[in-house]
Amino acid sequence: MARKTLDTLQAENPQGGPHENSHDSQHRLEARNVEVGYGDNLVIKGLNCAIPPASMGSIVGPNGCGKSTFLKSLARLLPARSGQVLLDGQAISSLPTKRVAQILGILPQAPAVPEGITVEELVSRGRHPHHGIFGGWNPQDDAAVDEALELTGMTSFSSTEVDSLSGGQRQRAWIALSLAQQTDILLLDEPTTYLDMTYQLEVLDLLAELNVARGTTIVMVLHDLSLAARYSDWILAVKDGTAAAMGKPSEVITEEFVRSVFNLESHVGMDPVTHTPVVTPLERHCLAAARNQAKS
Amino acid sequence: MSSKDPATMTEEGTASVSLSRRRSRRRRAVITTILIAVAIFLAIADVCLGHEVYSLSDVWSVISGSGSGGAQFSIGEIRLPRALVALFCGAGFGIAGTSFQTLLGNVLASPDIIGVTAGANLAAVLAITVLGLSGLALFGVAVAGGLATACCVLLLSWSRGLASSSSPTSRFILVGIGIAAMLNAATSWLMVRADQWDVQAASRWLTGSLTDVGWSDVIPAVACVVGGYLALTVVGKSLDILRFGTPMATGLGVKVNSARAGIIVISVMILSVMTATTGPIAFVSFLAGPIAVRLLGSQKPALLSGAAVGAIIVLLADIVAQHLPSGKVPVGVMTSLVGGPLLVFLVARMMRKAE
């Protein structure tokens, strides 16, 4: 199946075509002293973070550190208990939610799939924020859906039921929905889980293309530090609900950093291909052997 | 394919995708239109058929006010309001059931299974036998009873927010079935204790019946179904997006809590007014949605088709019930005969899936 890249799409639509926002995203997303929790449990304990517009960045951290919770609060899925999430300087909770959905898209982890729905119908729901109460489907929506299907390589699956897709295909269908939403900011909660290595790279390449070609601001929660380093302009490390570090991957990701945030001994080298940091965990029993040797 | 250059290939792909989208939309529209036509046809048949069979022209002369005495009475005073109530109450039960099932992502979550109908019914019986209410006050009490039951079931089965379709709603359904049983027992008790014990009235409130509906029942039923349906179409897009779970719906700009509350209130209102009109016609809410989805596919919520299917079920059951050789039976008995086994089948399937 031939797939268009964003470059060829732009070349075909010099006037902007279905996506007017071929300029860099100007929308600013910022967290100020945000506290978020479930019940009595405070998960995010005062986090500050200004997302650089038109950048691609990752939120990393150990399981249970609150990185997904923080992403949800950025996307207004969870209300901040204190502090604020600001979109273009205004509290996101005070903005009309539909207006926010035209600027900011969120792909949550494992969203619900209605029984029997096809890929194309799923992707078309991304157009919801662009419709009024009585507004109907228009050719612009068709174009957006078709483009999203093509970019994710899902055109040939458009009449397939989402239930019957593999994990990787299903993830691409959800990403297509987010693309059809055509937002300037896109937040993704672990977009590469369930995917094999090839698909992981494919998804991240696609997001990087989107970031470069359209200037879409991309924020994702990632588990793999080396992949995060490879694809991010910045990395935010969350530990125990606070920001442990934020900055360029090459500056943030060090052996000391991996030890303090993940409690893991590692070797941080340089990827010969991408010239980004690569984290190689040290083998624990080797480490023990080395220590014993040092002792004797 | 390989001889073509990539650009034309993708354009063809795009065209065929849009085409398939248009085709599936047209298919849905055609099926919905057919269902509505069948419902209207059955309503007309319901007027014509009976102890004495009338022709269409007889019916028309009655409507235009030039019918003969006998026909004027049996069509104008009995069969016409009965068919209209069957048509619109069936539609109302269908809409309420479909919207509940869609909202909660489970066919078993229909209001007649989870006790909402039973709550409205109990409130209506209470209002009539104890408080002596009728008209708008009666509808008001029924609506309050339905809403109170819905809130009660939701609160009792609440765990970390209302379930999306991916998390088990079985608890919610089991709580609802329990509450329905309790409320139905209370209704039976009220019926036994009621002063003016009347078998026909009892059958109406215990099983649902069209036996003594008249013109005074038609206007509220029609107004409520039409108004409720229009209100639901305004929030209908949210209903569709809510199927994708709370996080996704919020991300797509749906005000999840108010949309959910709005849909529940409107559905319970429709349902309660229908229940106060005919009594709880068993299983219509439960049956209409899945049948509509079977016919249309589940790409979008099938409210209008659910309404048509609900009307078809009630009208068919009424026509059959009136012509049984063993004599007339309440329409609710007929619908139970179909609905009961299907409920058992679906519960069994759900439990097997859960294991």
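First the proteins, then the strands, lettered A, B, ... as listed; each starts at 1.
Around the CE atom of M269(B), the shell of radius 6.0 Å holds no more than 12 heavy atoms that belong to other residues, nucleotides or ligands. Taking a 6.0 Å sphere around CZ of R81(A), one finds it holds more than 12 heavy atoms contributed by other residues, nucleotides or ligands. At most 12 non-hydrogen atoms from other residues, nucleotides or ligands lie less than 6.0 angstrom from CZ of R294(B).
Put simply, of V254(B), I241(B), V234(B), the one with the most heavy-atom pairs under 4.5 Å next to chain A is I241(B). Contact count versus chain B (heavy atoms, under 4.5 Å) is highest, among T118(A), D189(A), L78(A), for T118(A).
With a 4.5 Å cut-off on side-chain heavy atoms, Q109(A) and P247(B) do not count as touching. Using a 4.5 Å heavy-atom threshold, the side chains of F244(B) and I117(A) count as touching. Two residues are said to be in side-chain contact when any heavy atoms from C-beta on lie closer than 4.5 Å; K98(A) and K255(B) fail this criterion.
With a threshold of 4.5 angstrom between heavy atoms, T233(B) does not approach chain A through any atom at all. Heavy atoms of L252(B) lying under 4.5 Å from chain A belong to its backbone as well as its side chain.
Residues G245(B) and A112(A) share a closest heavy-atom pair of N-CB, 3.9 Å. G251(B) approaches Q181(A) most closely through the heavy-atom pair O-NE2, 3.5 Å.
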side-chain contact (heavy atoms from CB on, under 4.5 Å) for E120(A) and S24(B)? Distances and angles first, verdict last. CA-CA 11 Å; E120(A) 190 207 338; S24(B) 89; over 6 Å; no

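Atom OG of S178(A) sits about 5.0 Å away from atom CE of M248(B), to the nearest 0.5 Å. Within the model, atoms CZ of R243(B) and CZ of R125(A) stand 5.5 Å from one another, a figure rounded to the nearest 0.5 Å.
The main-chain N or O of T250(B) is found under 3.5 Å from a side-chain atom of R76(A) such that the two form a donor-acceptor pair. The backbone N or O of G116(A) lies less than 3.5 Å from a partner atom in the side chain of Q299(B), making a donor-acceptor pair.
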